[in-house]
Amino acid sequence: MIFTKEESLIIVSQEEISIERFLENLQKEYAKLKNDNLVLDLLSFSKLTPYNVISFLEVAKMHKKNGQSFVLVSDKVSYDDVPEEINLVPTLQEARDVVEMEEIERDLGI
């Protein structure tokens, strides 16, 4: 797994691995990441399906309960095809924007 720390978030990416293995690795490393906003870069997965994205639902819910942002990045699956509990955007910049907006909402108590 590749971890890239930016201001208020960590971008997690992986090369040459299956999406199932990526999720397994994320779950193993989660204790180290649970206190940070997470952006999962899934752009390198060429054959991503809505089912693959939905497999992150439990981690997403747990992370949001922790008071942190959890955003998936993929241009292969539409956000209309996944539950609303999953933040899915097509670019890394949009993921950064979502994290920033959610931080503002948390600061304002929304």
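Note that the coordinates shown come from a computational prediction; the quantities given were computed from them, not determined experimentally.
- Taken together through direct or relayed side-chain contacts under 4.5 Å among Ile, Leu, Val, Met, Phe, Trp and Tyr, Ile11 and Leu88 form parts of separate hydrophobic clusters.
- Residues Val71 and Val59 fall into different hydrophobic clusters, defined by Ile, Leu, Val, Met, Phe, Trp and Tyr side chains chained together at heavy-atom separations under 4.5 Å.
- In this structure, CZ in Arg96 is found 9.5 Å from CD in Glu7, a value given to the nearest 0.5 Å.
- In this structure, Tyr51 places its OH atom where only 12 or fewer heavy-atom neighbours from other residues, nucleotides or ligands lie under 6.0 Å away.
- Val53 and Val73 fall into different hydrophobic clusters, where Ile, Leu, Val, Met, Phe, Trp and Tyr side chains are chained together by heavy-atom contacts under 4.5 Å.
- Taking the side chain as every heavy atom from C-beta outward, Asn87 and Glu102 approach each other to under 4.5 Å.
- Closest non-hydrogen pair, Ile54 versus Pro83, comes out as CG1-CD, 3.6 Å.
- Among all heavy-atom pairs drawn from Val89 and Glu94, the shortest one is CB-CB, 3.9 Å.
- A single hydrophobic cluster is seen to contain both Leu26 and Ile86, as judged by linkage of ILVMFWY side chains at heavy-atom distances under 4.5 Å, directly or through other members.
- Once rounded to the nearest 0.5 Å, the distance linking CE of Met1 with CD1 of Ile10 reads 11.0 Å.
- Taking a 6.0 Å sphere around CD of Glu84, one finds it holds 12 or fewer heavy atoms contributed by other residues, nucleotides or ligands.
- Of all the heavy atoms in Asp41 and Ser13, the pair that sits closest is CB-CB, 3.8 Å.
- Within a 6.0 Å radius of CD in Gln14, other residues, nucleotides and ligands contribute more than 12 heavy atoms.
- Looking only at atom types and distance, the side chain of Asn52 has a donor-acceptor partner in the side chain of Thr49 under 3.5 Å away.
- Residues Arg106 and Gln68 approach most closely at NH1-C, 3.8 Å, considering heavy atoms.
- In the hydrophobic clustering of this structure, Val12 groups with Leu48; members are Ile, Leu, Val, Met, Phe, Trp, Tyr whose side-chain heavy atoms approach within less than 4.5 Å, directly or through other members.
- Atom CD of Glu103 and atom CG of Leu9 lie 7.5 Å apart (nearest 0.5 Å).
- Partners of Lys47 by salt bridge (charged side-chain N to carboxylate O under 4.0 Å, His left out), not counting sequence neighbours: none found.
- Every residue meeting the salt bridge (charged side-chain N to carboxylate O under 4.0 Å, His left out) condition with Glu29, not counting sequence neighbours, appears here in chain and number order: Lys32.
- Within the 3.5 Å criterion, the main-chain N or O of Ser69 finds a donor-acceptor partner in the side chain of Asn37.
- For the atom pair CE of Met62 and CD of Gln27, the computed distance is 7.5 Å after rounding to the nearest 0.5 Å.
- Within a 6.0 Å sphere centred on CZ of Arg21, other residues, nucleotides and ligands contribute 12 heavy atoms or fewer.
- Considering CG of Leu92 and CG of Leu43, their distance stands at 5.5 Å, rounded to 0.5 Å.
- By the 30° and 60° cut-offs, the orientation of the rings of Phe56 relative to Phe70 is tilted.
- Minimum heavy-atom separation, Asp36 to Lys5: OD1-NZ, 3.3 Å.
- Note that NZ of Lys76 and CG of Leu42 are 10.0 Å apart. Values are rounded to the nearest 0.5 Å.
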